[in-house]
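Following: one structure in structure tokens, then a few remarks.
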Protein chains: 2
Amino acid sequence: MDPEIVRDPVYQQLNQRLRLLVGREYTFGQQFLTEREIVQRFSVSRATANKALASLVSEGLLEFRKGIGTFVRQPAISYDLRSLVSFTEKARAAGKTPSTLLLTFGKLKAREVEPRIAERLQVTESDLLWELDRVRAVDGIPVILEHRFVVASHCPKLTRSQAEGSLYQAWTQTHQLSIAGADETVRAVLLTPEEAEHLNASVGSPALEVIAVGLLETEIPLWWERTLYRADLYEFHSRLGPVQSAKPLRGQFVTPFQPPSGK
Amino acid sequence: MDPEIVRDPVYQQLNQRLRLLVGREYTFGQQFLTEREIVQRFSVSRATANKALASLVSEGLLEFRKGIGTFVRQPAISYDLRSLVSFTEKARAAGKTPSTLLLTFGKLKAREVEPRIAERLQVTESDLLWELDRVRAVDGIPVILEHRFVVASHCPKLTRSQAEGSLYQAWTQTHQLSIAGADETVRAVLLTPEEAEHLNASVGSPALEVIAVGLLETEIPLWWERTLYRADLYEFHSRLGPVQSAKPLRGQFVTPFQPPSGK
DNA sequence: TGACATCGCGTGGCTTAGCCACTTTAGCAT
DNA sequence: ATGCTAAAGTGGCTAAGCCACGCGATGTCA
């Protein structure tokens with residue numbers, strides 16, 4: 001019996017392959033492959049080709065134009081993972097000097113963390129996790145307090161010095177990992193005395209709490225984090241565009257995407 | 001199908017009708033209409049039914065399960081930073097009943113508002129603006145306090161009853177406006193006594209503050225708003241990267257995260 | 001020559017008809 | 001009771017074909 005690796009639906013595989021083409025062979029404004037071309041090139045039915053395209057349209061990558069074709073859309077909503085994930089790059093881009101204070105750095109078994117976290121990381125009790133507590137500062141002023149668990153099997157060689165720098169860099173370069181997405185939940189909270197002390201803020205002052213799970217390419221979780229942002233020093237900025245469907249948007253040139261920036 | 005003005009593709013109309021059903025007739029966890037049921041009920045082909053469903057799956061509202069059916073996914077009311085959906089629709093999709101308390105409704109000249117607001121709206125001093133203050137509630141519980149200015153020239157016929165309902169609907173349907181995007185800035189703040197009273201919350205409790213500018217198709221500003229979300233009842237959710245389908249996503253309650261002891 | 005009407009063609013939108021793989025369920029055989 | 005089998009239902013996928021739409025080449029007429 002072949003264990004037969006779980007076979008994903010064709011349109012999802014097609015999805016991934018097409019997504020790679022966007023940005024590689026096709027860039028903003030260009031006409032993308034037509035449904036009939038996809039049929040020939042990938043040996044699928046037109047319905048499947050359309051379903052995959054529709055999915056990319058729904059993601060905001062492409063855009064349908066009735067009677068003309070499918071076009072690559074302005075990446076306004078583009079997965080700006082780099083800037084959202086990498087505090088270091090974000091700070092540097094803003095002309096500031098980032099620094100990191102590593103409070104905790106160790107390895108533990110998944111059974112030692114809250115079940116809810118282990119569940120979201122899709123790990124079994126015996127799996128190993130890195131645990132990191134860090135204070136991130138900009139120009140010496142503490143801005144972010146983060147608590148993070150990383151699935152150790154994906155980056156077994158994580159070093160202390162890497163943990164004191166940019167994790168994003170360690171993942172993408174040293175470990176050759178490709179971060180595909182992240183699930184974020186943002187809330188407003190009040191700082192506890194301990195948290196306030198780390199952030200050099202007053203007790204009971206507001207903060208943004210972000211709980212996020214970072215994902216690799218096949219929806220495999222890489223890390224879980226709870227991050228607190230000092231409300232007076234940090235704000236989130238996002239530019240929304242229509243995602244749903246085939247809004248014309250024929251006039252091409254739109255003002256470029258403004259990446260979120262710390263303040 | 002019906003003759004009528006069939007300007008939009010069928011699957012998009014179907015999309016909207018199905019989205020209304022989510023939350024009305026179907027809530028979290030339940031099995032949704034099957035493709036074959038949709039075929040009978042709406043007189044469309046199965047391919048079209050599937051396309052509409054796939055779209056809702058891509059939005060995160062539904063979830064495909066191979067060999068079983070389609071299920072409702074969205075457990076709680078959450079503000080999806082990726083999609084521009086109205087509060088009304090969002091609440092209904094979460095299975096709640098939305099209501100609105102109109103505090104202020106009037107028209108004023110742009111010179112009467114703060115210069116930085118007028119600037120972001122790109123209006124001259126003599127232009128007219130609608131001013132609205134509203135408390136939005138879900139199942140009778142106030143969750144949102146919003147302060148909004150709308151450029152009156154784009155929707156001169158705005159009525160009081162429209163202001164008490166869904167502005168999004170009034171814009172897109174009555175005034176035939178096409179909302180193309182929004183610029184948002186998210187912060188954490190503490191509620192002032194006055195704000196806390198409107199939201200039926202305690203003074204000094206945290207809230208999410210969203211300052212946004214809504215844009216029409218050619219980057220023309222339509223409205224400016226400052227909105228406060230009660231932190232204990234509302235969370236922002238943002239999914240970066242592609243949304244795949246086959247995730248069970250069990251559990252996922254809205255219970256607030258409790259920081260681990262120690263530290 | 002230039003402005004305008006026409007028509008062909010390729011595109012996505014949509015339908016019909018049908019088979020497949022998967023999952024649950026109910027009933028049958030042991 | 002237990003375990004197996006078959007049926008029924010689901011989404012996944014293919015095939016073939018018609019339609020409305022937008023564009024551009026072509027042709028017409030002033």
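Chain A is the first sequence line, chain B the second, and so forth, proteins listed ahead of strands; every chain is numbered from 1. Just so it is clear, the values below take in all heavy atoms, side chains as well, and ignore hydrogens, waters and symmetry mates.
A parallel orientation is assigned to the rings of A:Trp171 and A:Trp223, their planes being inclined by less than 30° (bins at 30° and 60°).
The interatomic distance linking A:Gln31 (CD) with D:dG24 (P) rounds to 11 Å, in whole Å. As a whole-Å value, the separation of A:Phe64 CZ from C:dG10 C1' is 16 Å. For the pair B:Asn50 CG and C:dT15 P, the computed distance is 12 Å after rounding to whole Å. Residue A:Leu14 contributes atom CG, which lies 9 Å from atom P of D:dT14 at whole-angstrom precision. Rounded to an integer number of Å, the gap from OH of A:Tyr11 to P of C:dC20 is 21 Å. Put simply, CZ on B:Arg46 is 10 Å from C1' on C:dG18, counting in whole angstrom units. Rounded to a whole Å, the NZ atom of B:Lys51 is 6 Å from the C1' atom of C:dG13. One can place CD of A:Gln13 at 8 Å from P of D:dC13, the figure rounded to the nearest angstrom.
Of the residues near DNA chain C, B:Ala49 and B:Ile68, the one whose nearest nucleotide (by heavy atom distance) lies more toward the 5' end is B:Ala49. Checking A:Thr48 against B:Thr34, the closest nucleotide of DNA chain D that is more toward the 5' end is the one next to B:Thr34. Closest-nucleotide positions on DNA chain C for A:Ala47 and B:Gly67 were compared, and the one nearer the 5' end corresponds to A:Ala47.
Comparing D:dG12, D:dC23, C:dT11 against the side chain of B:Glu35 picks out D:dG12 as the nearest. With C:dT16, C:dG12, D:dC13 as the choices, the nucleotide that has an atom nearest any side-chain atom of B:Ser45 turns out to be C:dT16. Here the side chain of A:Arg36 is nearest to one of C:dG12, D:dC23, D:dT14, namely C:dG12.
Here the side chain of A:Trp130 pairs a donor or acceptor atom with the backbone of A:Cys155 at under 3.5 angstrom. B:Arg134 contributes a side-chain N or O that, together with a main-chain N or O of B:Gly165, makes up a donor-acceptor pair within less than 3.5 Å.
For the pair A:Arg65 and A:Phe71, the distance from NZ or CZ to the six-membered ring centre is under 6.0 Å and the angle to the ring normal is within 45 degrees.
Side chains of B:Gln162 and B:Thr174: a donor on one and an acceptor on the other come within 3.5 Å.
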